[in-house]
Visitor: 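If you scroll down you'll find the structure; I have some questions about it.
In what follows, residues are counted from 1 in the order of the sequence shown. Below, all heavy atoms of this structure are taken into account, side chains as well, without hydrogens, waters or symmetry copies.
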Amino acid sequence: MTSAGPGRPRKQQPSRPGATARDEILDAAAELFTTHGYANTSTRSIADAVGIRQSSLYHHFGTKDDILEELLAGTVSGGLAFARRVFTESADKELPPGSRLHAVALYDGMQLCNARWNLGVLYNLPEARAERFSTFRDDRKELRNLYQRLGAELPESSWTNDVTQAGELAFRLVESLVSLRADGLATTASPHQTADAGIVLCGLAQSLPAIRVHSAALISSLA
């Protein structure tokens with residue numbers, strides 16, 4: 001038996017990615033929540049998947065909800081931080097209309113597709129509607145609002161409906177990657193295809209090559 005720290009013996013050598021036992025617990029919980037379901041996963045099964053005692057898990061997380069709260073937050077935090085930077089730090093740049101929306105959609109989509117586990121499937125959990133997860137829901141709402149504000153920058157002539165709905169369309173397309181990945185259909189190209197689709201559906205297909213170039217530059221400089 002090896003040790004995970006003072007008073008926290010391990011049952012086996014660590015086999016999960018993560019610099020700390022806390023990271024390993026999150027990884028194990030993410031796998032079990034997304035493959036067996038949240039309700040069907042116990043803290044004991046999470047501890048067993050890490051190779052620690054159940055009592056050791058409680059040294060890091062008081063409840064299973066605490067673990068879910070951190071995992072949910074992680075699905076939004078990266079995309080939200082990037083969207084904030086795009087909105088505030090590139091506002092004065094001369095870019096083809098749609099470049100900023102494309103960059104946010106592409107980066108957000110890559111975050112959802114490249115994560116080790118498809119945690120977006122947890123969004124629709126009944127438990128996720130509880131008051132204790134309000135911070136996650138507020139962050140997701142802010143991200144959605146930034147999509148809408150970036151969509152409102154598109155020329156009215158390119159979108160036959162309310163231009164704020166252009167951002168809403170992009171947001172919904174990106175979140176559809178969660179279902180695509182759950183069905184085993186997501187590829188490395190999926191985030192790019194989704195970001196492109198949002199631009200094309202908004203009537204900017206002819207500008208797409210230039211938009212892609214400036215979108216990539218934004219990601220390179222701000223991510």
Visitor: Give me the atom names and distance for the closest heavy-atom approach of Leu218 to Ser99.
Guide: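 That would be CD1-O, 4.0 Å.
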
Visitor: Give me the one residue out of His59, Glu70, His60 that meets side chain to side chain donor-acceptor pair (under 3.5 Å) with Arg22.
Guide: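 When side chain to side chain donor-acceptor pair (under 3.5 Å) is applied between Arg22 and each of His59, Glu70, His60, only Glu70 qualifies.
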
Visitor: Sort and list the pairs that fulfil ring pair (Phe, Tyr, Trp, His ring centres under 6.0 Å) and have at least one residue in residues 197-223, not counting sequence neighbours.
Guide: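 Not a single pair qualifies under ring pair (Phe, Tyr, Trp, His ring centres under 6.0 Å).
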
Visitor: Taking side-chain hydrogen bond (donor to acceptor under 3.5 Å, both in side chains) as the test, write out the residues that go with Glu142, two or more places apart.
Guide: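 Expected list: Arg84.
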
Visitor: To the nearest 0.5 angstrom, please state how far the OH atom of Tyr147 sits from the CD atom of Gln165.
Guide: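 Spacing of OH (Tyr147) from CD (Gln165) equals 15.0 Å.
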
Visitor: Specify the closest pair of heavy atoms between Leu204 and Pro97, including all atoms of both residues, with the distance to one decimal.
Guide: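 For Leu204 versus Pro97, the nearest heavy atoms are CD1-O, 3.6 Å.
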
Visitor: Quick one: do Tyr123 and Phe133 satisfy ring-ring contact (aromatic ring centres under 6.0 Å, His included)? Show the steps, please.
Guide: CA-CA 11 Å; Tyr123 289 176; Phe133 303 115; over 10 Å; no

Visitor: Could you tell me whether the side chain of Ser176 and the main chain of Leu173 form a donor-acceptor pair under 3.5 Å?
Guide: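 Checked: pair present.
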
Visitor: Would you say Leu119 and Leu72 make side-chain contact, with heavy atoms under 4.5 Å?
Guide: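 Sidechains of Leu72 and Leu119: no contact.
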
Visitor: State which residues pass side-chain contact (heavy atoms from CB on, under 4.5 Å) with Val178; sequence neighbours excluded, sorted by chain then number.
Guide: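 Residues passing side-chain contact (heavy atoms from CB on, under 4.5 Å) with Val178: Leu112, Asn118, Val121.
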
Visitor: Enter the distance from Ile52:CD1 to Ile46:CD1 here, rounded to the nearest 0.5 Å.
Guide: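 Between atom CD1 of Ile52 and atom CD1 of Ile46 there are 9.5 Å.
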
Visitor: Measuring from Ile211:CD1 to Gln206:CD, what's the distance to the nearest 0.5 Å?
Guide: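 Between atom CD1 of Ile211 and atom CD of Gln206 there are 11.0 Å.
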
Visitor: Out of curiosity, Leu80 CG to Leu146 CG, how far, rounded to the nearest 0.5 Å?
Guide: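 The CG atom of Leu80 sits 6.5 Å away from the CG atom of Leu146.
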
Visitor: Can you name the side-chain hydrogen bond (donor to acceptor under 3.5 Å, both in side chains) partners of Ser42, sequence neighbours left out?
Guide: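 With neighbours one apart ignored, the set is Ser45.
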
Visitor: Only counting residues at least two apart or in another chain, list the ones meeting side-chain hydrogen bond (donor to acceptor under 3.5 Å, both in side chains) with Asp65.
Guide: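 By the side-chain hydrogen bond (donor to acceptor under 3.5 Å, both in side chains) rule, Asp65 matches Tyr38.
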
Visitor: Sequence neighbours excluded, which residues qualify as salt bridge (charged side-chain N to carboxylate O under 4.0 Å, His left out) partners of Arg137?
Guide: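 Partners of Arg137 by the salt bridge (charged side-chain N to carboxylate O under 4.0 Å, His left out) criterion come out as none, since no residue qualifies.
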
Visitor: Is a donor on one side and an acceptor on the other found under 3.5 Å between the side chain of Thr34 and the backbone of Ala30?
Guide: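 Flag set: sc Thr34 to bb Ala30 pair under 3.5 Å.
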
Visitor: Roughly how far, to the nearest 0.5 Å, is the CE atom of Met110 from the SG atom of Cys113?
Guide: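 With rounding to 0.5 Å, SG (Cys113) is 10.0 Å from CE (Met110).
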
Visitor: Considering only distance and modelled atom types, tabulate donor-acceptor pairs under 3.5 Å from the side chains of residues 189-201, sequence neighbours left out.
Guide:
residue	atom	partner	partner atom	Å
Ser190	OG	Thr187	N	2.8
Ser190	OG	Thr187	O	3.4
Ser190	OG	Thr187	OG1	3.4
Thr194	OG1	Ser190	O	2.9
Asp196	OD1	His102	NE2	2.7
Asp196	OD1	Arg212	NE	3.4
Asp196	OD2	Arg212	NE	3.1
Asp196	OD2	Arg212	NH2	2.7

Visitor: What I'd like to find out is whether the side chain of Arg172 reaches to under 4.5 Å of the side chain of Arg144, using heavy atoms alone.
Guide: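 Yes, close enough: below the 4.5 Å cut-off.
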
Visitor: Apply side-chain hydrogen bond (donor to acceptor under 3.5 Å, both in side chains) to Thr43 and list each qualifying residue two or more places apart in sequence or on a separate chain.
Guide: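 Scan of Thr43 (side-chain hydrogen bond (donor to acceptor under 3.5 Å, both in side chains), adjacent residues dropped) gives Gln54, Tyr58.
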
Visitor: Are the side chain of Ser220 and the backbone of Ala216 linked by a donor-acceptor contact shorter than 3.5 Å?
Guide: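 Between the backbone of Ala216 and the side chain of Ser220 there is no qualifying donor-acceptor contact (under 3.5 Å).
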
Visitor: Identify the two heavy atoms, one from Ala29 and one from Ile67, that lie closest to each other, and give their separation to 0.1 Å.
Guide: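 The answer is CB-CG2, 3.4 Å.
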
Visitor: Search all heavy atoms of Ala28 against all heavy atoms of Val50 and return the closest pair with its distance.
Guide: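 What the structure gives for the nearest pair is CB-CG2, 3.5 Å.
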
Visitor: To the nearest 0.5 Å, tell me how far Thr41 OG1 sits from Leu32 CG.
Guide: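 Answer rounded to 0.5 Å: 5.0 Å.
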
Visitor: Listing request: all ring pair (Phe, Tyr, Trp, His ring centres under 6.0 Å) pairs with a residue in residues 67-87, at least two apart in sequence or in separate chains.
Guide: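 Only Phe82-Tyr107 qualify under ring pair (Phe, Tyr, Trp, His ring centres under 6.0 Å).
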
Visitor: Could you list the residues that satisfy salt bridge (charged side-chain N to carboxylate O under 4.0 Å, His left out) with Arg181, not counting sequence neighbours?
Guide: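 With sequence neighbours excluded, Arg181 shows a salt bridge (charged side-chain N to carboxylate O under 4.0 Å, His left out) to no residue whatsoever.
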
Visitor: State, with a plain yes or no, whether a side-chain heavy atom of Lys141 is found less than 4.5 Å away from one of Phe136.
Guide: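 Sidechains of Phe136 and Lys141: no contact.
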
Visitor: Please list all pairs passing the salt bridge (charged side-chain N to carboxylate O under 4.0 Å, His left out) test where one or both residues lie in residues 93-115, with sequence neighbours left out.
Guide: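 As it turns out, the salt bridge (charged side-chain N to carboxylate O under 4.0 Å, His left out) pairs with a partner in residues 93-115, which skip direct neighbours, are Arg100-Glu153.
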
Visitor: Run the salt bridge (charged side-chain N to carboxylate O under 4.0 Å, His left out) test against Arg132 and tell me which residues pass, sequence neighbours left out.
Guide: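 For Arg132, the residues satisfying salt bridge (charged side-chain N to carboxylate O under 4.0 Å, His left out) (neighbours in sequence not counted) are Asp66, Glu69.
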
